[in-house]
Amino acid sequence: MMISFEDFSGLIVRELETDPQITPDTKLVEDLELESFEIIHLVVIVEDLLGEQLPDELIPTLSTIGDLYHHYEARISDIGVS
Amino acid sequence: MSDDLHDVPTFVAGGRPSFQSAYGLVDGSPPLQGRRVSLVSLTPKYYEFLWSMEEALGFRFRFRGTTPSPDAFVSSLWDKQLAAFVLIRRDRSMPVGLVSVYQEDARNGTAFVAVGQHPEAAGRGYGAEGLILLVNYCFSVWNFRKLYAETNEYNISGVSKLRERLFVEEGRFGSHEFYAGRWWDKIIFAAYKERWNELRSSLLRGALPLEASR
């Protein structure tokens, strides 16, 4: 089942114990001050939700929480889960 | 040479079941295959890559700026090393770094671990995943009490949050190394086995392939 952005952001907040005011435009590095290890942690969360691995090349292109959710949303649509 | 020697099963990273059954390895033997990287034992075919990695890092990973002779370079890969693995990016089967455990002190149950990564491979989590697999390997294979990691202040990396969780600072040499026009501290961190045991499940969950972490 696809989760909403609100649920997704809630998951991020719990996992990172970070600022609860995150929006799709919240920047991973500039706003949340995440390091690559923590960004990977977010990627792992999405991979667990999807049940499949995201491409390595995607990781350096992730800039915002919205980017991450967008990829989650797109893959869920592709694999036909609603 | 006996033909029997050719009958040993080929070890393939991630192919532990056949290896286990052939050699009687017990459950819980440490995985060398992660989600994005595999740890493959160091062999001469990786020398050229490792040289290019050192060069790309300005010879600062293990040589503090000096350029070693080819012989000295190769020797350095083996001297005082307990184990050395090349980090292989799984999706492209290409080397991206080196992890090693060295200078073990069996009497006191300590050793040093190190992780080096080609700068072009940075930002994808390979170094952190390699470090987690290596620490797990060390604490699984040997009865170490703690593992040390040595770094310099200028060695900014994306794994300091991981370091904060797993390692504690044990020593600091003030203004130890001159680089880029100023003095920097050298810091020794330690990962204790008790702390590793607390974090092991959560760290390995994200480091292992999806099918293994479920």
Side-chain angles (χ1 to χ4, degrees), chain A residues 1-3 8 10-20 22 26-72 74-76 78-81, chain B residues 14 33-38 87-97 115 117-135 149 151 155-167 189 191 199 201-214:
Chain A
M1 186 177 76
M2 186 161 86
I3 63 171
F8 182 76
L11 187 58
I12 302 294
V13 166
R14 282 197 302 278
E15 287 286 335
L16 294 180
E17 300 171 358
T18 188
D19 182 356
I22 59 177
T26 300
K27 294 186 187 309
L28 302 176
V29 176
E30 292 87 343
D31 297 333
L32 297 178
E33 299 180 341
L34 301 186
E35 298 178 339
S36 63
F37 172 65
E38 293 166 299
I39 294 172
I40 298 298
H41 184 58
L42 297 187
V43 169
V44 166
I45 291 170
V46 172
E47 289 175 340
D48 286 348
L49 288 172
L50 290 171
E52 67 176 24
Q53 198 170 319
L54 296 177
D56 292 13
E57 290 311 323
L58 175 69
I59 300 169
T61 70
L62 297 170
S63 171
T64 64
I65 292 289
D67 290 342
L68 200 58
Y69 186 71
H70 167 75
H71 286 285
Y72 162 73
R75 277 308 293 154
I76 283 285
D78 285 350
I79 57 184
V81 179
Chain B
Q33 180 164 295
R35 190 169 295 201
R36 293 191 156 75
V37 292
S38 292
L87 284 179
I88 303 291
R89 180 176 165 172
R90 288 184 58 205
D91 66 343
R92 295 192 179 177
S93 300
M94 64 185 285
V96 292
V115 181
Q117 184 179 227
H118 198 293
E120 287 178 12
R124 295 172 180 82
Y126 303 138
E129 190 174 300
L131 178 63
I132 290 166
L133 293 174
L134 179 70
V135 169
T151 189
N155 190 14
I156 296 167
S157 79
V159 296
S160 59
K161 290 285 170 58
L162 170 61
R163 210 165 50 211
E164 283 170 19
R165 285 186 71 191
L166 181 57
F167 289 85
F189 295 95
L199 295 174
S201 309
S202 66
L203 290 176
L204 279 179
R205 190 181 68 82
L208 292 178
L210 266 171
E211 60 275 15
S213 63
R214 284 180 184 138

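When reading the values below, keep in mind they use all heavy atoms of this one structure, side chains included, and skip hydrogens, waters and symmetry mates.
The environment of A/Glu57 atom CD is dense: over 12 non-hydrogen atoms of other residues, nucleotides or ligands sit within 6.0 angstrom. Within 6.0 Å of the CD atom in A/Glu30, the count of heavy atoms belonging to other residues, nucleotides or ligands exceeds 12.
Separation of atoms CZ (A/Phe37) and CG (B/Leu203) is listed at 5.5 Å; rounding is to 0.5 Å. Here the straight-line distance linking atom NE2 of A/His41 with atom CZ of B/Arg205 works out to 6.5 Å at 0.5 Å rounding. In this structure, B/Glu164 CD and A/Glu35 CD are separated by 7.0 Å, a value rounded to the nearest 0.5 Å. Note: A/Leu58 CG to B/Arg124 CZ = 10.5 Å, rounded to the nearest 0.5 Å.
Between B/Arg35 and A/Val44 there is a side-chain heavy-atom pair separated by less than 4.5 Å. Side-chain contact between A/Ile40 and B/Glu129 is absent, with no heavy atoms from C-beta onward closer than 4.5 Å.
A/Glu38 has no carboxylate O lying under 4.0 Å from a charged side-chain N of B/Arg165, or vice versa, which leaves the two without a salt bridge. Using a 4.0 Å cut-off between charged nitrogen and carboxylate oxygen, A/Asp56 and B/Arg92 do not count as a salt-bridge pair.
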Check: Can you list the steps and then say if A/Gln53 with B/Asp91 is a side-chain contact (heavy atoms from CB on, under 4.5 Å)?
Finding: CA-CA 11 Å; A/Gln53 198 170 319; B/Asp91 66 343; over 6 Å; no
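Shortest non-hydrogen contact noted between A/Ser36 and B/Gly123 is CB-CA, 4.3 Å.
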